[in-house]
2 protein chains.
Amino acid sequence: MPRTIGFAKHDHDDCVQTALARADMHCANAGLRLTPVRRRSLEILLAEHRALGAYDLLAHLSAEGLGAQPPVAYRALDFLVRAGFAHKIEALNAYIACAHLGVNHTPAFLICRSCRSVAETDTAPAQGRLGDAAKAAGFTIERTVVEAEGLCPACQPESAS
Amino acid sequence: MPRTIGFAKHDHDDCVQTALARADMHCANAGLRLTPVRRRSLEILLAEHRALGAYDLLAHLSAEGLGAQPPVAYRALDFLVRAGFAHKIEALNAYIACAHLGVNHTPAFLICRSCRSVAETDTAPAQGRLGDAAKAAGFTIERTVVEAEGLCPACQPESAS
DNA sequence: GCCCAGATGTTATAACATATCAATAGCACT
DNA sequence: AGTGCTATTGATATGTTATAACATCTGGGC
């Protein structure tokens, strides 16, 4: 059943299964342990395909008997973020499954302020003006946060002819 | 040439006074009220010259008898951010005085993970790859968050022998 | 004086995140 | 199998960031 994700429709079950399979493989290769709580957390994030707060995730998990205290959710999220399977959206204090799982990338996000949907894209911010400014200042960039807030196609004002 | 401020020495009293004067003028012109709590909050942010949490600001204010409850700090910060006198650093959940007060700009930040100092520079993220991605997706960008975490010049490892 | 909008005072609570310590499970090595 | 190491989980408590809600005050136009 296609549903809207990012901002485009696609076969969602398929994308969830593909991502999980990639995560399994990556963990096997890297010696990481995708334990039940971690795997289920990733699955939930993938299935929702939008930014979830840690307590939103926790609500899902506890409904399934996988843990009821905040650390359960935060530990799972920490693992997923470290492994590159999920990203934190700083502007929302929320978490989202990585849309380019397995691909090395520098994520950037388009966040709809109306429906809270989030699309992940890719940038090279450290190679543009920001990189120049950092270089001039003698600053070493280790990680970048690039997030754009605005309106997704579905939430644009209709008329505005 | 992007402006970067924050890792260099300068006449601090002077920069605080200049910024306050600009804020006074801007408020007068725009019909905004730079009340005592708001003005003092800006002064504190300017004087500290680093990112402060809302509760850090509140501690300063309450020590001076200017209010003791969280909303006091959040209201002042909200005003300052709306007026463009301060910015929120999303990656730190903290606030910093604007370094380019009065100049129209799209802020970006270099955040030292070691000493927590923050430099403000500017970017045009919506005109690069991010803008292209937004355009392709039909997304309208209203605000961007661009933050780089890393090490400032003073916190670089001395000699990678 | 009266009204109104914006600002402030105050209480309470929501939302997000981590410290700490004990118990357990997986794994390498003998 | 037994030992010891480390990662993970369980559980309690607490710390940190942010807002809801409602009462009160203040300044300016009429």
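Side-chain atoms are counted along with the backbone in the values below, which use heavy atoms only and exclude waters and symmetry mates.
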* Asked: Do side-chain atoms of A:Arg38 reach the backbone of A:Arg33 as a donor and acceptor pair under 3.5 angstrom?
  -> yes
* Asked: Which atom names give the shortest non-hydrogen contact between B:Val145 and B:Glu90, and what distance separates them?
  -> CG1-CG, 4.0 Å
* For the side chain of B:His60 and the backbone of B:Asp56, is there at least one donor-acceptor N/O pair under 3.5 Å apart? -> yes
* For DNA chain C, which nucleotides open and close the run of contacts to chain A, 5' to 3', at under 4.0 angstrom from a non-hydrogen atom? -> C:dC16 to C:dG26
* Asked: Got a salt bridge between A:Arg143 and B:Glu149, using NZ or NE/NH1/NH2 to carboxylate O under 4.0 Å?
  -> yes
* Asked: Does A:Arg38 have a side-chain nitrogen or oxygen under 4.0 Å from the phosphate oxygens OP1 or OP2 of D:dT8?
  -> yes
* Are A:His105 and A:His87 close enough that their ring centres sit under 6.0 Å apart? -> yes
* Asked: For the hydrophobic clusters of this structure (ILVMFWY residues joined by side-chain heavy atoms under 4.5 Å, transitively), does one cluster hold both B:Tyr74 and B:Val81?
  -> yes
* Asked: Between B:Pro36 and B:Tyr55, which is nearer to the 5' end of DNA chain C once each is assigned its nearest nucleotide?
  -> B:Pro36
* Asked: Tell me, which of residues 58-93 of chain B have any heavy atom that sits under 4.0 Å from an atom in DNA chain C?
  -> B:Gln69, B:Pro71, B:Arg75
* Pair A:Leu45-A:Ile96, side-chain contact (heavy atoms from CB on, under 4.5 Å): steps then yes or no -> CA-CA 6 Å; A:Leu45 288 179; A:Ile96 191 165; 6.0 Å; no
* To do: Look at the side chain of A:Glu120 and the backbone N and O of A:Phe109, then say whether any donor-acceptor pair between them is shorter than 3.5 Å.
  => no
* Give the angle between the helix axes at the two ends of the helix from C:dG1-D:dC30 to C:dT30-D:dA1, taking five base pairs at each end and rounding to 10°. => 30°
* Under 3.5 Å, is there a donor-acceptor pair between the side chain of A:Arg50 and the main chain of A:Ser117? -> no
* To do: By nearest nucleotide on DNA chain D, pick out whichever of B:Arg33 and B:Tyr95 is the more 5' one.
  => B:Tyr95
* B:Glu147 versus A:Thr144, side-chain donor and acceptor atoms under 3.5 Å -> no
